[in-house]
Amino acid sequence: MSKLPASTSDGSDAFNSAYVTEVAKLLGLSIPSDQLPGVVESFEQIHRIAQPVLDFPLPDTLEAAPQFEP
Amino acid sequence: MSLTAAQIAHQVKTKERSATSVVKAALTQISNQENHNCFTTLLGSSALTAAETLDRQLAAGETVGPLAGVPFAVKNLFDIAGTVTLAGSKINQSHTPATQDSTAVARLKAAGAILVGALNMDEYAYGFVTLNHHYGVTPNPHDPSRMSGGSSGGSAASVAAGLVPLTLGSDTNGSIRVPASLCGVYGFKPTYGRLSRAGAYLFSSSLDHIGPFARSVEDIALAFEVLQGPDSRDPICTDRPPIAPDLSGDMTGIRVAMATGRSKTIATEYFSQGMTATVAQALEKVSSALQVTQTVTLPESARARAAAYLITASEGSQLHLQRLQTRLQDFDPATRDRFVAGAMMPNSWYLQAQRFRRWYRDQVREIFKTVDLIIAPTTPCPAPLIDQTTMELDGQTVPIRPHLGHYTQPLSFIGLPVLSVPIFLPDQLPVGIQLIARPYDENTIFKAAVALEKLGVTEAKVASSIG
């Protein structure tokens, strides 16, 4: 799984801000400008949380369960 | 109302008290204690009618159910016929009333319990605090300056306050266990799929569970017993036959382990991280009472929690996408931004999280080949102050809201059955300890819980701090 852009103040915040803005259009979401920072911050958080999961090596044969069973 | 559900049912069945008098007392107490802010909907009229009907049945010599005359209430995401299911939101106020009861409500009613109302929660169950933007804060009955936990805060607080002996909540990442811990009551999350969720407003389909709150193990077991059973209305609900709860307290042959380390070595592994001294003492008490001699490591629990977060964000957001498109400003700001961001997650992240989930489940299954019951703290700390936003976790300052689920999330992620049992240490606010078993082995949990209760290690006290 390829690395995501680092989520720091080195410019990747701008990356995520641009991503959020573009995906909002695709999803038909009208986010007022004053609320955009909050959404970007939430997306940054998801981004940070996702990385360790995406980094974890799983065998190609391991499938996601269509219906999860404990 | 300090009586348990079992005690009330006994008194009603033996005609020591009428169901009507019990329900009237509960309604009066709820009305007199509005500062609890537990209830969003009161159903006084229908509750009294149901109680009067039950009394007539008893007078006629008819058989009544095991919860006869027991007042109960449900998190306001359970459908109640004739009532709008709010799910803690403003948007749902414009929905039409439910046309039938959720399966769980119907089954409790069929057992003779009397529904008195619906309870406050975090909006759409997305939170651990019950600081609801639309319906207000539900404070902790043991200290009103502190939070009750969430998202089933109204469900836990109303039991802790003695307003009702039995409530229902839902648990996606800890929303039954976290408020149970902070409010000092029992909160039970059975195995994923064990109880029907039909008519309960979904949050994250592949993670959602429902379950009861009460002040005794017997009451939890009574509710669990009548809530079980296949349900064609819920495709996830198991068709396994219901089990009879084992309340013998017999721990013979049950191998108990503590999740990652004793309190003396805290802060070394996941299920010790951030544990306060109160929680460490409570864990030690339970460990000692159950004669725990071994520890187990649930591998990659931090990643499991992260994956649960991703699945929750994705599934929850997908469910609400149309509302986000059309009524964005009617969301609680505390949930709005997270839902919007979740809707933007690449699907590869979601699918990786689901694949990781299967891997993690397989690892934990291996652990259950050598142990039968695992204990772990429920929350890292007792109830934080309502306006508190951060907490210390192993020397780091972290936001409170997500981290109250630090210990609960990796367990619901793979659907394990868990009971949070209440511990009151002298001069301390209560905390919970999780009793965790393999899937569908709820009885091992009941045995341990009864043993702890008999030893006086666990106890759910009715709060007296809010008048």
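In what follows, chains carry the letters A, B, and so on, assigned in the order in which the sequence lines appear, proteins first and then strands, with residues in each chain numbered from 1.
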Colleague: Just checking, is any N or O donor in the side chain of Q45(A) or R48(A) under 3.5 Å from an acceptor N or O on the other one?
Modeller: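 Distance-only check fails for Q45(A) and R48(A).
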Colleague: Give, as side chain, backbone, both or neither, the part of L36(A) having an atom under 4.5 angstrom from any heavy atom of chain B.
Modeller: neither
Colleague: Counting only non-hydrogen atoms closer than 4.5 Å, does A313(B) touch chain A with its backbone (N, CA, C, O), its side chain (CB onward), both, or neither?
Modeller: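 Just the side chain, heavy atoms under 4.5 Å.
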Colleague: So for F339(B), is it side chain, backbone, both, or neither that comes closer than 4.5 Å to the heavy atoms of chain A?
Modeller: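 Looking at F339(B), nothing touches chain A.
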Colleague: Between L26(A), I49(A), V23(A), which has the largest tally of heavy atom pairs under 4.5 Å with chain B?
Modeller: I49(A)
Colleague: Any idea how Y270(B) and H406(B) line up, ring-wise: parallel (<30°), tilted (30 to 60°), or perpendicular (>60°)?
Modeller: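 Taking H406(B) first and then Y270(B), their aromatic rings lie parallel (interplane angle under 30°).
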Colleague: Relative to chain A, which of M345(B), M344(B), R305(B) shows the most heavy atom pairs under 4.5 Å?
Modeller: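 It is M344(B).
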Colleague: Are R323(B) and Y124(B) packed together at the side-chain level, in the sense that at least one heavy-atom pair is separated by less than 4.5 angstrom?
Modeller: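 Yes, close enough: below the 4.5 Å cut-off.
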Colleague: Which atoms of R336(B) are under 4.5 Å from chain A, going by heavy atoms: the side chain, the backbone, both sets, or neither?
Modeller: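 Looking at R336(B), just its side chain touches chain A.
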Colleague: Non-hydrogen atoms of chain A under 4.5 Å away: do they reach the side chain of L328(B), the backbone, both or neither?
Modeller: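 Contact with chain A involves the side chain of L328(B) alone.
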Colleague: Please classify the contact between P333(B) and chain A as side chain, backbone, both or neither, with a heavy-atom cut-off of under 4.5 Å.
Modeller: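 Neither part.
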Colleague: Parallel, tilted or perpendicular, judged at 30° and 60°: which one describes the rings of F224(B) and F446(B)?
Modeller: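 Answer is tilted, since the angle falls between 30° and 60°.
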Colleague: With heavy-atom distances below 4.5 Å as the criterion, would you say the side chains of Y192(B) and S412(B) are in contact?
Modeller: no
Colleague: Chain A: which of Q325(B), R303(B), Q329(B), R338(B) shares the most heavy-atom pairs with it under 4.5 Å?
Modeller: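 It is R303(B).
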Colleague: Do D171(B) and F188(B) come close enough that some side-chain heavy atom pair is under 4.5 Å?
Modeller: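 The answer is no; the side chains never approach within 4.5 Å.
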Colleague: Side chain, backbone, both or neither: which part of Y309(B) has a heavy atom under 4.5 Å from chain A?
Modeller: side chain
Colleague: State, yes or no, whether a side-chain contact exists between W359(B) and E300(B) at a heavy-atom distance under 4.5 Å.
Modeller: yes
